[in-house]
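For reference, the structure discussed in these notes is given below.
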Amino acid sequence: MHDAYEPVPILEKLPLQIDCVAAWDDWLLVGTKPGHLLLYGIKKDAGTNRFEVTLEKSNKNFSKKIQQLFVVSQYKILISLLENNIHVHDLLTFQQITVLSKARGATLFACDLQQSSSGEAKLRMCVAVKRKIQLYYWKDRDFHELQGDFTAPDVPKSMAWCENSICVGFKRDYYLIRMDGRGSVKELFPTGKQLEPLVAPLADGKVAVGQDDLTVVLNEEGVCTQKCALNWTDIPVAMEHQPPYIIAVLPRYVEIRTLEPRLLVQSIELQRPRFITSAGLNVVYVASNHFVWRLVPISIASQIRQLLQDKQFELALQLAKMKDDSDADKRQQIHHIQNLFAFNLFCQKRFDDSMQVFSKLGTDPTHVIGLYPDLLPSDYRKQLHYPNPLPALSGAELEKAHLALIDYLAQKRSHLVKQLNDTDPFATSPLVEGTPTIKNRKKLLQIIDTTLLKCYLHTNVALVSPLLRLENNHCHIEESEYVLKKAHKYSELIILYEKKGLHRKALQVLLDQSTKANSPLKGHERTVQYLQRLGVENLGIIFEFSPWVLKICSEDGLKIFTEDLTEVETLPRDKVLNFLKEGFKELAVPYLEHIIHLWDETGPEFHNVLIQLYLEKVQGLMKVYLNTLPEGVAAVAAGKEAGELGEYRNKLLAFLEVSSCYEPEALISDFPFDGLLEERALLLGRMGKHEQALFIYVHILKDTRMAEEYCHSHYDPSANGKKDVYLSLLRMYLSPPDVHFLGPIKMELCEPQPNLQAALRVLQLHHSKLNTPKAINLLPANTQIREIQVFLESVLEERAGRKRFDQVLKSLLQAEFLRVQEERIFHQQVKCVITDEKTCRVCKKKIGNSAFARYPNGVVVHYFCCKDRGVCPEE
């Protein structure tokens, strides 16, 4: 409790009993039981709480019975209930203006004065006449009926306007009458044990309704607007609203309370008070039968000081907003009180409410974070000051506090991220004046993100990874590293390192954790995934940390360089190949196979290297094969190697045949003359040396099928070097060169012998691919006609068929030519005559000497008017 008002006696021991009071400005009206009306002038002494009271006017014949008084200073009128009728008097002279004859028998009235947006006052009045409620409005110095009368369920005992409704208290119940044209009546609740109802208007258009020692606040819909009712120490008999206070007259006290927050502010003991009235803001009079007191408000500054000591910050805020100070001073004090209020809410462990206030105030987030233990660096934490010692938090309370802080920081973070690129100056307010604040947005974001990380570790670890994966994550590296290691959150630590570009640290952690049995990072899989995402800019790091994976699992390690990811596919393949050849040569072949067959690599250097690696593998395996297996020599000679040797040799042969990107001239020297002749033949064929290749097939390998397949694959009638490949095969059969034709062959070979039968078979099967005169000239002189009869017949038949085809084609072309000429002559016969009268179908103007266009149906238009050649304009 604190002192809000000081009671000052105005009238003491008045010889006449007071029945009603009213006041305005510096004037006080007192209606007495004998019917005297007394007017007092009241002037306050400067600098003191003493008043000079002067009886300005006394009207002993005002009425026989004064029941109720109401002053409308805007209209300079006094409305009074005299001898059960409504009278209106001039406020200055007390001369009667009007009497409501229809209101005869009235027992109660209530007025409502509304200020329009233009400043004009509008006065309404309701009058209780037995069980009827009459409605009036003031105009032209008289009351006029507002609408028809309402029939009440009982005789009204108390009533007040509530916006466009009237709240009426009867002997047992409260009702709400709506001013909606129909006068709908809504029953509210009983009056309670005390049968005298109390309805008092409030300054915000609502009404306070009493039920015994409780008071509820209703709006014009009859809905209670407060969570809890006011609880008085006794049953109020009268009530007055002086925001933020509501003053009630009790049988022995004047009690002062607040609605929000619900507080008992002050109890003033007076001698049997009965009435209360006000003459405006902070001018309140309380009267008993023979005394009148004025409640003089204590200065707001003094009240605020006392409230802050009592930690009643909400009420202090309301009073601070009412202070008559400059705007800047008022804002500063309000801000200070709000900070104290938010801090007090935190100390009361109302964490969510506290964070909401801090958020609205724009308090420096670091000062809010400092309320929590172990969230800020100790050096910075020592610079922060708080109004009172901080509460000790632990267990469930600490977790609840962390959750409230998370919501607060997430909101602040979102706001800061949007402003990160702003050039406007950035400022936050301190919780306690004089405490340093953070003025850099990025630094503040770093503190917020790091704090969020710590809070997530305390409350919900699943949120740590999403925070660290944010593109705009500003976590402080060293601080975050420390707390993650302390919590053994190595997976999250890897994410932190990756987002901050600390790849070596991340990979070292993965290496250290890979051998720990209970670690979630055990094994090499995470390292492989990490290395695959690094890309070409971190090639050195990839080469630095991939060897340990390649050693323990070459298949998974090779995926670092072969996974179907953009980062992997764009790695420089020449550097990767050199790296593998230097340390992991056995992986160079599968790497080259992957980039050539799956990634369609066409670089000749890669194709050359793959062939060389195949060759090295085949030669190495061949030595072992020949030395260990007795049948090895025969198998190699027949080209029927088994096992790994056969697999690699088949790969080499297939690649030499399929690939078109390698350089045979650079590779031919690597292939020996005493072995792998089939491979050499493929290289010679790729070099265009078909006779040497065919020599190997025919006279060394003695395989006519392979020789014919070779010719089939290389024959091209449109290429000079390939159109005579079958003629070269024929020459090999009929006129074989010397064995040294290939070069310095180290193998012991028999001298090549002609093979007339094979030559004749080539003539029969491939006569269409041979130059007939050249082929016949190659035949031995003793060749008989019957031996080449089939060949000659096939050639003659083919020539005859070609001649017939050419004749038919000539005739068809001649007929087509004649048809086209006839069509041309037909179209050239069509004439288009442009006369002086010829008009354009589109613009309806004469063609004249302008360029024109003619459609197939004869329609003529200007060339400019011809917008679409495919659409003829209509008639």
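Throughout, numbering of the chain's residues begins at 1 and tracks the sequence.
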Measure from the side-chain N and O atoms of Tyr136 to the backbone N and O of Gln147, and report whether any donor-acceptor pair falls under 3.5 Å.
no
Approximate separation, where rounding is to 0.5 Å, of Leu345 CG and Gln338 CD:
11.5 Å
Closest approach of Glu83 and Ser63, non-hydrogen atoms and distance?
OE2-OG, 3.1 Å
Taking everything shown except Glu187 itself, do over 12 heavy atoms lie less than 6.0 Å from its CD?
yes
Which atom names give the shortest non-hydrogen contact between Asp204 and Glu163, and what distance separates them?
O-OE2, 4.0 Å
Could you tell me whether Asp90 and Arg141 make a salt bridge, using a distance below 4.0 angstrom between a side-chain N and a carboxylate O?
yes
Is the closest side-chain donor-acceptor distance between Asn289 and Arg274 under 3.5 Å?
yes
Donor-acceptor contact below 3.5 Å, side chain Lys330 vs main chain Lys323
yes
Taking the six-membered ring for Trp, are the ring centroids of Phe291 and Trp293 within less than 6.0 Å of each other?
yes
Testing the basics here: between Ala287 and Val292, what is the closest heavy-atom pair and its distance to 0.1 Å?
CB-CG2, 3.9 Å
Could you give me the CA-CA distance, side-chain angles and deciding distance for His89 and Phe94, then say whether ring-ring contact (aromatic ring centres under 6.0 Å, His included) is met?
CA-CA 5 Å; His89 295 79; Phe94 292 159; 7.5 Å; no
Once the angle between the rings of His2 and Tyr245 is folded into 0 to 90°, is it parallel (under 30°), tilted (30 to 60°) or perpendicular (over 60°)?
tilted
Check: Gln226 side chain, Val216 main-chain N or O, donor-acceptor pair, under 3.5 Å
no
Nearest non-hydrogen partners of Pro236 and Ala248, listed with the distance
CB-CB, 4.1 Å
How many angstroms lie between NZ in Lys321 and CD1 in Ile337, if you round to the nearest 0.5 Å?
10.0 Å
Are the side chain of His367 and the backbone N or O of Leu431 linked by a donor-acceptor pair below 3.5 Å?
yes
Between Gln211 (side chain only) and Pro190 (backbone N and O only), is there a donor and an acceptor less than 3.5 Å apart?
yes
Heavy-atom donor-acceptor pair, Tyr174 side chain to Gly210 backbone, under 3.5 Å:
yes
Side-chain heavy atoms of Leu270 within contact of Pro7, under 4.5 Å
yes
Can a donor-acceptor pair be found, under 3.5 Å and without considering hydrogens, that links the side chain of Thr258 to the backbone of Leu263?
yes
From CA spacing to verdict: salt bridge (charged side-chain N to carboxylate O under 4.0 Å, His left out), Asp112, Arg124:
CA-CA 5 Å; Asp112 176 49; Arg124 298 182 297 178; 2.7 Å; yes
Within residues 277-286 or reaching into it, pairs that qualify as side-chain hydrogen bond (donor to acceptor under 3.5 Å, both in side chains) - sequence neighbours excluded:
Glu240-Ser278, Tyr285-Arg294
Which pair of heavy atoms, one from Gln67 and one from Leu82, lies closest together, and at what distance?
OE1-C, 3.8 Å
If we count only N and O atoms by modelled type, under 3.5 Å, do the side chains of Asn219 and Thr225 hold a donor and an acceptor together?
no
Does Glu145 pair with Lys102 as a salt bridge, N-O distance under 4.0 Å?
yes
I need the Lys311 NZ to Phe313 CZ distance, nearest 0.5 Å.
6.5 Å
Taking side chain to side chain contact (heavy atoms under 4.5 Å, CB included) as the definition, give me every residue that meets it alongside Cys162, ordered by chain and number, with sequence neighbours left out.
Val207, Glu220
Under-4.0 Å salt bridge between Glu221 and Arg178:
yes
Taking every non-hydrogen atom, the tightest pair across Ser158 and Val199
OG-N, 2.9 Å
Residues two or more places apart in sequence or in another chain: which of them pass ring-ring contact (aromatic ring centres under 6.0 Å, His included) with His335?
none
Lys/Arg-Asp/Glu bridge criterion (N-O < 4.0 Å) met for Arg257, Glu255:
yes
Verify side-chain contact (heavy atoms from CB on, under 4.5 Å) between Thr32 and Val30, making sure each step is shown before the conclusion.
CA-CA 6 Å; Thr32 64; Val30 177; 4.3 Å; yes
Phe346: which of Phe358, Tyr372, Tyr408, Tyr386 passes ring pair (Phe, Tyr, Trp, His ring centres under 6.0 Å):
Tyr372
As a quick check of understanding, evaluate side-chain contact (heavy atoms from CB on, under 4.5 Å) for Tyr5 and Ile247, giving each step before the final call.
CA-CA 10 Å; Tyr5 291 93; Ile247 306 171; 4.0 Å; yes
Would you kindly say whether Glu399 and Thr459 are connected by a side-chain donor-acceptor distance under 3.5 Å?
no
Less than 4.5 Å apart, any side-chain heavy atom of Gln114 and any of Trp161?
no
Which label fits His458 and His402: parallel for a plane angle under 30°, tilted from 30 to 60°, or perpendicular past 60°?
parallel
Around atom NE2 of His336, are there more than 12 heavy atoms of other residues, nucleotides or ligands at under 6.0 Å?
no
Among Phe170, Phe189, Phe150, exactly one meets ring pair (Phe, Tyr, Trp, His ring centres under 6.0 Å) together with Tyr175. Which residue is that?
Phe170
Pairing residues for Glu314 by the side chain to side chain contact (heavy atoms under 4.5 Å, CB included) criterion, not counting sequence neighbours:
Pro261, Phe341
Side chain to side chain contact (heavy atoms under 4.5 Å, CB included) with Arg172: which residues, sequence neighbours excluded?
none
Under-4.0 Å salt bridge between Asp212 and Lys193:
no
Flag side-chain contact, heavy atom, 4.5 Å: Val72 against Cys111:
no
Tell me every residue that passes side chain to side chain contact (heavy atoms under 4.5 Å, CB included) with Leu214, counting only those two or more places apart in sequence or in another chain.
Ala229, Asn231
Looking at the rings of Tyr137 and Phe143, which for Trp means the six-membered one, are their centres under 6.0 Å apart?
no
Short side-chain donor-acceptor distance under 3.5 Å, Thr363 and Asn339
yes
Side-chain (His290) to main-chain (Leu14) donor-acceptor, under 3.5 angstrom
yes
Leu38 versus Leu29: any side-chain heavy-atom pair under 4.5 Å?
no
How many angstroms lie between atom CZ of Phe51 and atom CG of Leu11, to the nearest 0.5 angstrom?
12.5 Å
If you measure from CG on Asp26 to NZ on Lys43, what distance do you get to the nearest 0.5 Å?
8.0 Å
Strictly distance-based, threshold 3.5 Å: is any side-chain N or O of Gln134 a donor or acceptor partner for the main-chain N or O of Val127?
no
Would you compute the distance between atom OG of Ser165 and atom CE of Met179 and round it to the nearest 0.5 angstrom?
8.5 Å
